[in-house]
Amino acid sequence: MARINEHFRKLQAGYLFPEIGRRVRQFTDANPDAKVIRLGIGDVTLPLAPAIVEALREASAEMGTEDGFHGYGPENGYEFLVEAIREHDFASRGVAIEADEIFVSDGSKQDSGNIQEIFGVDCRFAVTDPVYPVYVDTNVMAGRTGAADDDGRYEGVTYLPATAENGFMPGPPDARVDIAYLCSPNNPTGAVASRENLAAWVAWARANDAVLIFDAAYDAFIQDPSLPRSIYEIDGARECAIEMRSFSKRAGFTGVRCAYTVIPREVTGSTVSGERVPLRDLWSRRHATKFNSVPYIIQRGAAAVFSPEGQKQTREQVAYYMANAELLRSGLGAAGFTCHGGEHAPYVWVRTPEELTSWDCFDRLLEGAHVVCTPGSGFGASGEGYFRISAFNSRENVEEAISRVSRVFA
Ligand code: MLT
């Protein structure tokens with residue numbers, strides 16, 4: 001008899017975004033003429049930048065030639081991409097990362113979900129709350145938690161409430177934990193960590209022999225050049241932090257798929273007998289066993305993001321989305337909503353009006369404004385009473401959404 005992994009049964013019914021999709025489909029089936037504006041899932045809408053398209057085209061043509069054909073690639077990524085990442089994402093900000101500390105993958109969702117495999121099942125972990133659901137759900141699947149309570153909080157997880165009072169940037173826990181997940185710019189609140197915030201986390205991790213898993217998927221949206229983009233800009237982070245970056249939001253790769261994870265060789269974990277083992281080696285072993293590299297064509301497309309034209313074009317796209325975020329903040333603010341985030345992130349975190357629950361507000365916006373948002377409670381109990389609105393859409397749709405949402409709650 002094939003017994004199932006019982007831990008899956010602890011998960012909430014459905015993953016957040018498919019559940020939103022289900023509700024939207026139900027609505028559009030019943031209202032086929034409604035022009036629904038989707039500002040729910042953070043999926044990019046602008047077409048790929050021309051420099052990337054050209055690189056993808058060239059690489060495809062190469063693959064059709066005897067000399068240019070590529071089969072399985074190096075599992076950690078082609079040198080041309082790894083070197084471009086080192087140079088543009090790290091060296092340019094004074095951060096030294098070695099090539100063999102970078103692992104190119106097909107997405108940060110996968111990496112942030114898979115990383116927990118290299119830790120013992122008895123490790124205790126902390127998350128900020130609200131949080132990107134993948135961090136928690138994958139640990140639930142692995143058996144690192146007990147059951148969920150009525151608010152959806154799993155037993156055994158340390159939740160750090162991210163509230164308006166702490167600027168949506170909670171500090172390290174008092175409770176003893178071994179692993180902490182951080183995300184900055186934050187999904188879903190749109191808050192961004194300062195150098196001081198990150199320094200406090202790094203100091204805590206080093207003092208407590210803990211590992212930080214730092215998700216920087218939205219780093220390109222940081223507007224203030226003095227804010228840290230990488231956790232390795234903080235002294236001591238090489239000893240305690242793993243970082244994840246993605247091409248999804250910075251360059252429109254949500255449907256193309258390319259990302260990378262960095263694990264400096266100084267980051268170690270302990271065996272039962274107390275021997276220290278570099279986490280990099282475990283991840284490398286995992287990667288080589290379970291992954292056969294991102295396709296050559298895609299990696300060429302990703303490398304084009306770092307070309308002068310690619311940089312210029314993708315920055316223009318980020319600026320376009322950030323102008324949307326500014327419109328959402330100011331437009332909804334003028335309509336009486338309390339808005340947070342959206343200054344260094346493509347997400348605006350909005351207090352629900354009339355003390356509505358997040359899902360009730362979601363339904364009101366869908367039915368009354370035909371606008372899809374993401375209910376804050378879907379990201380965790382502390383997200384209750386908020387909704388997240390994404391800046392990934394056309395200017396026209398964002399303007400239309402603001403006026404429709406404002407009318408619903410006028
Ligand atoms: C989100 O909307 O939170 C993100 O698009 C989800 C993701 O990146 O997987």
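Computed from a prediction, not measured in an experiment: that's the story for all the values here. When a ligand or atom number is given, it counts from 1 through the structure's own listing order.
- Here salt bridge (charged side-chain N to carboxylate O under 4.0 Å, His left out) pairs that include residues 197-209, with residues two or more places apart or in two chains, are Arg206-Glu239, Asp209-Arg276.
- Close contacts between ligand 1 and Lys249 involve ligand atoms 4 (C), 5 (O), 7 (C), 8 (O) [criterion: under 4.0 Å to a heavy atom].
- Atom CZ of Arg285 has 12 or fewer neighbouring heavy atoms from other residues, nucleotides or ligands inside a 6.0 Å radius.
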Kindly indicate, with the supporting measurements, whether the criterion salt bridge (Lys or Arg N to Asp or Glu O under 4.0 Å) is fulfilled by Arg257 and Asp106. CA-CA 5 Å; Arg257 311 305 301 154; Asp106 58 349; over 6 Å; no

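- Contact annotation: for Arg388 versus ligand 1, heavy atoms closer than 4.0 Å belong to the side chain alone.
- The closest non-hydrogen atom to atom 3 (O) of ligand 1, taken over Leu16, Asn187, Ile41, Val44, comes from Asn187.
- Within ligand 1, counting atoms from 1 as listed, the ones closer than 4.0 Å to a heavy atom of Gly42 are 1 (C), 2 (O), 5 (O).
- For the 3.5 Å distance criterion, the side chains of Tyr135 and Asp215 qualify, holding a donor opposite an acceptor.
- Within the 4.0 Å heavy-atom criterion, the part of Tyr347 lying near ligand 1 is the side chain and not the backbone.
- Residue-ligand proximity, Tyr132 to ligand 1, at heavy-atom distances under 4.0 Å covers atoms 6 (C), 7 (C), 8 (O), 9 (O).
- For Glu79, the CD atom sits in a loose shell: 12 or fewer heavy atoms of surrounding residues, nucleotides or ligands are nearer than 6.0 Å.
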